[in-house]
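A short write-up of the structure that comes next.
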Amino acid sequence: MTMQRSIRRSLAAVLSVGTLLLATACADDDLSSGGAKDDDATTSPSAQTSETGGDTAAGGPLTLAGQSFPEAALVASMYEQLLESAGYDVTTKLVDSRDGYMADFPGGVDVVPEYVGGIVNFLNSQKNGENASPFEAGDGDELAEAGKALLDEAGITLLDQSAATDTNAFMVTQDYSDSNGVTKLSDLEGVSVKLAAAPDCEGRLDCEGGLSDQYGIDITEVLPLGYASDQTYQSVLSGESELGETSTTDGTLESQGLVVLEDDKHIQPAQNLVPAVSTEFLTAHPDIADVLGPLMAALTTENLTELNGRVAVDREKPEDVAADFLSENGLL
């Protein structure tokens, strides 16, 4: 974690972050289970034409989808507020995992707050199978270029990326780290551990698969408790699991007595924040790039970590934190 808020808060306050998270045990949730702003909206705006009959138009209905963990919900709220300010009638639907919206994107979904490595490797696995060699570039632009054929085939365009990046990370308690001399993942080679993580972690090369194959860690069980979720924190803190999945921008760890282990073999691909847009919708609404571009320029890994802390530790609402950031940076 790079810039965590240097203040201590009670564990009780942190534990209440569970109200901000959805249970991640149901990986087959579809969009209808997400927090829909308008559950009756079923027609994709990308199938509509502009009121003037031309090829392009600003404004109109737009479906925004994303994941529901705190950072993704926060960034989705930023998108929503910017797009509504630009004249779009936004329907926002958040689900537990990427699988929950990718079945409808593009088509029923027009815009998604994404992570470049996440979406490129999802499309790679979808086309070439779960055992396909992943795209591993540590640079977001290189990774997007490597995955361009997959994106083009899917009808998805990635807009300008942010310098802010959020990769998967793996945490232990500070006590475990100190007692066992563990500060990096390679220190766990040959060690048997239980892993609390997202439901889709098992076998993934940036999760259980990479920990087992690249680091030689003996993962005896994957507990599907969620990505950076309260359940995952509690599992590690209670000793039910030794290792938990979180992110490099998790702003809650220090206050909970948790610490990220260094990914010293670099199994994580670049995960720069990036707007993913239906190519068809973007052709009809090219102003989307101008609406979201300034936000990507304003976000950094450091300020994203701080914003995450306000949501997860201070228990502020994602939409309020989003509004403050947009206002302070002159975006609204």
[Y] side chain reached by [X] side chain, heavy atoms, under 4.5 Å:
| X | Y | result |
| --- | --- | --- |
| Gln161 | Met296 | no |
| Tyr101 | Lys93 | no |
| Glu254 | Gln174 | no |
| Tyr79 | Pro113 | yes |
| Phe281 | Leu62 | yes |
| Asp218 | Thr220 | yes |
| Met171 | Leu261 | no |
| Leu243 | Val236 | no |

Which value, rounded to the nearest 0.5 Å, describes the distance between [X] atom [atom1] and [Y] atom [atom2]?
| X | Y | atom1 | atom2 | value |
| --- | --- | --- | --- | --- |
| Leu304 | Ser162 | CG | OG | 8.0 Å |
| Ser229 | Phe69 | OG | CZ | 11.5 Å |
| Asn329 | Met78 | CG | CE | 8.5 Å |
| Leu123 | Arg98 | CG | CZ | 9.0 Å |
| Leu211 | Glu202 | CG | CD | 12.0 Å |
| Glu280 | His285 | CD | NE2 | 9.5 Å |

State yes or no: do [X] and [Y] share one hydrophobic cluster built from I, L, V, M, F, W and Y residues joined by side-chain heavy-atom distances below 4.5 Å, directly or via other members?
| X | Y | result |
| --- | --- | --- |
| Tyr215 | Val182 | yes |
| Ile217 | Val222 | yes |
| Tyr88 | Leu332 | yes |
| Ile119 | Ile267 | no |
| Leu159 | Leu83 | yes |

side-chain contact (heavy atoms from CB on, under 4.5 Å) partners of Asp320, counting only residues at least two apart
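By the side-chain contact (heavy atoms from CB on, under 4.5 Å) rule, Asp320 matches Lys317.
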
May I ask you to decide whether Glu189 forms a salt bridge with Lys265, counting only side-chain N to carboxylate O separations under 4.0 Å?
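Answer for the salt bridge query: no.
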
Arg310 bridged to Asp324 by N-O distance under 4.0 Å
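So Arg310 pairs with Asp324 through a salt bridge.
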
Looking at residues at least two apart in the chain, or sitting in another chain, which of them share a salt bridge (Lys or Arg N to Asp or Glu O under 4.0 Å) with Glu221?
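So Glu221 forms a salt bridge (Lys or Arg N to Asp or Glu O under 4.0 Å) with Lys194.
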
Checking side-chain polar atoms at under 3.5 Å, does [X] have a donor or acceptor matched by the opposite partner on [Y]?
| X | Y | answer |
| --- | --- | --- |
| Thr252 | Asp250 | yes |
| Ser85 | Gln81 | no |
| Thr305 | Thr249 | no |
| Thr279 | Thr157 | yes |
| Glu71 | Asn308 | yes |
| Asp200 | Tyr227 | no |
| Gln268 | Thr167 | no |

Backbone N/O of [Y] and side chain of [X]: donor-acceptor pair under 3.5 Å:
| X | Y | result |
| --- | --- | --- |
| Thr232 | Gly226 | yes |
| Asp263 | His266 | yes |
| Asn180 | Tyr176 | yes |
| Ser77 | Ala73 | no |
| Ser125 | Asn121 | yes |
| Asp139 | Asp141 | yes |
| Asp187 | Lys184 | yes |

Residues Tyr115, Asn168; criterion side chain to side chain donor-acceptor pair (under 3.5 Å); working and verdict
CA-CA 11 Å; Tyr115 300 86; Asn168 288 347; over 6 Å; no

Where do [X] and [Y] come nearest, in terms of heavy atoms and distance?
| X | Y | result |
| --- | --- | --- |
| Ala169 | Ser247 | CB-C, 3.9 Å |
| Ser235 | Leu225 | CB-CD1, 3.5 Å |
| Leu94 | Ala76 | CD2-CB, 4.0 Å |
| Asn303 | Ala298 | ND2-O, 3.0 Å |
| Gly117 | Leu143 | CA-CD2, 3.3 Å |
| Asn124 | Phe135 | CG-CE1, 3.5 Å |

Could you check Leu195 against Cys201 for side-chain contact (heavy atoms from CB on, under 4.5 Å), going step by step and ending with a plain yes or no?
CA-CA 9 Å; Leu195 170 64; Cys201 174; 3.7 Å; yes

Does the pair Val112 and Leu64 meet the rule for a side-chain contact (heavy atoms from CB on, under 4.5 Å), with working shown?
CA-CA 6 Å; Val112 176; Leu64 173 71; 5.8 Å; no

Steps toward side-chain contact (heavy atoms from CB on, under 4.5 Å) verdict (Tyr233, Leu258):
CA-CA 8 Å; Tyr233 298 142; Leu258 297 166; 4.0 Å; yes

Take atom CG in Asp160; do more than 12 heavy atoms of anything else shown fall under 6.0 Å from it?
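Open: at most 12 neighbouring heavy atoms sit under 6.0 Å from CG of Asp160.
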
Steps toward salt bridge (Lys or Arg N to Asp or Glu O under 4.0 Å) verdict (Arg204, Glu245)
CA-CA 13 Å; Arg204 270 180 28 213; Glu245 184 187 20; 3.8 Å; yes

I'd like to know whether Thr165 forms a side-chain contact (heavy atoms from CB on, under 4.5 Å) with Leu273, so could you lay out the CA-CA distance, the side-chain angles of the two residues, the decisive distance to 0.1 Å, and finally the verdict.
CA-CA 6 Å; Thr165 183; Leu273 275 65; 5.9 Å; no

